[in-house]
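Taking it in order: structure first as structure tokens, then the write-up.
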Amino acid sequence: MRWSDRNIEIKTPEQIRLMRVAGLLVGETLELLRDAVRPGVTTGQLDALAEDNIRSHGGIPSFKGYSHPPFPGTICASVNDEVVHGIPGSRELAEGDVISIDCGAIVDGWHGDAAITVAVGEVPADVQELMRVTEESLWRGLAAARLDGRVSDISHAIESYVGSQGGYGILEEYTGHGIGTEMHMPPNVPNYGRRGRGPRLVEGMALAVEPMVTLGGKRTTLLEDEWTVVTGDGSWAAHYEHTFTLTQTGTWVLTAVDGGRERLAALGVPFGG
Ligand code: MG
Ligand code: MG
């Protein structure tokens, strides 16, 4: 491992392979949770499932105890107008809700971080479309990353795609981030901006990209629990995230179960795993 001149952690190929182990555990845990989402299940039950799956595969939940006040869960469970950092607990999901689940794990000292938004049964068409747009914007962002490009190429691709799809709000106070031996490391990866700015994308860099998009505005409010971020206007939100890296052969989405192979191919991007 070495560091770039902007304090970005640069991993060796062997260390990236270790990050894939952590990333795959996160990706598989999220797929387990996706299947468990249904009316009547509590966010606390989803949290317990995630913790069991991570620990039984030799991982450590990275969110648990994070920061101050210490985050109490293995997952962030953010329902409807909650955008990110919702605390799992006794809330029962109801038909028509939408839940964003963010999950992180550490394996052998290396972090993975990813998020999905899941519909609880049938949701209104505009919410379904919000989910589609947000997830596609994540993949457009990942697909825009190239060796020797810049971090804001990702940001620009996300903003451009979301903007082309309608009048959505993109959060600006929260961003993606570098990741590796810690969950949050330099550089920030904003979900908006002009291309060609920020640190150069080089081999050995690992980034978490995570668009947070609303059906209304971009402003948010922090609840009294000091974690849960809700939209300022009560509009519903979606959040998708993947951890990825660039190799000499292409893009490798470390938290996607298939490494990103299928979605990248659809966007004409070579798979780098
Ligand atoms: Mg996350
Ligand atoms: Mg993250």
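Keep in mind the model is a prediction, meaning the values are calculated, not measured. Atoms within a ligand are numbered from 1 in the order they appear, just like the ligands themselves. Note: hydrogens, waters and symmetry copies are ignored here, and every other heavy atom, side chains too, is used.
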Take atom [atom1] of [X] as the centre, draw a 6.0 Å sphere, and report whether it contains more than 12 heavy atoms from other residues, nucleotides or ligands.
X	atom1	result
Lys218	NZ	no
Arg55	CZ	yes
Asp108	CG	no

What protein N/O/S atoms sit under 2.8 Å from the Mg ion (ligand 2), by chain and number?
Asp113 OD2, His177 NE2, Glu210 OE2, Glu241 OE2

Please determine which of Ile101, Val98, Ile99, Thr228 meets the side-chain contact (heavy atoms from CB on, under 4.5 Å) test together with Val79.
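The option that passes is Ile99.
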
Where does the angle between the aromatic ring planes of Trp227 and Tyr66 fall among parallel (under 30°), tilted (30 to 60°) and perpendicular (over 60°)?
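Tilted.
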
NZ/NE/NH1/NH2 to OD/OE distance under 4.0 Å, Glu136 and Arg132
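Salt bridge flag = no for Arg132 with Glu136.
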
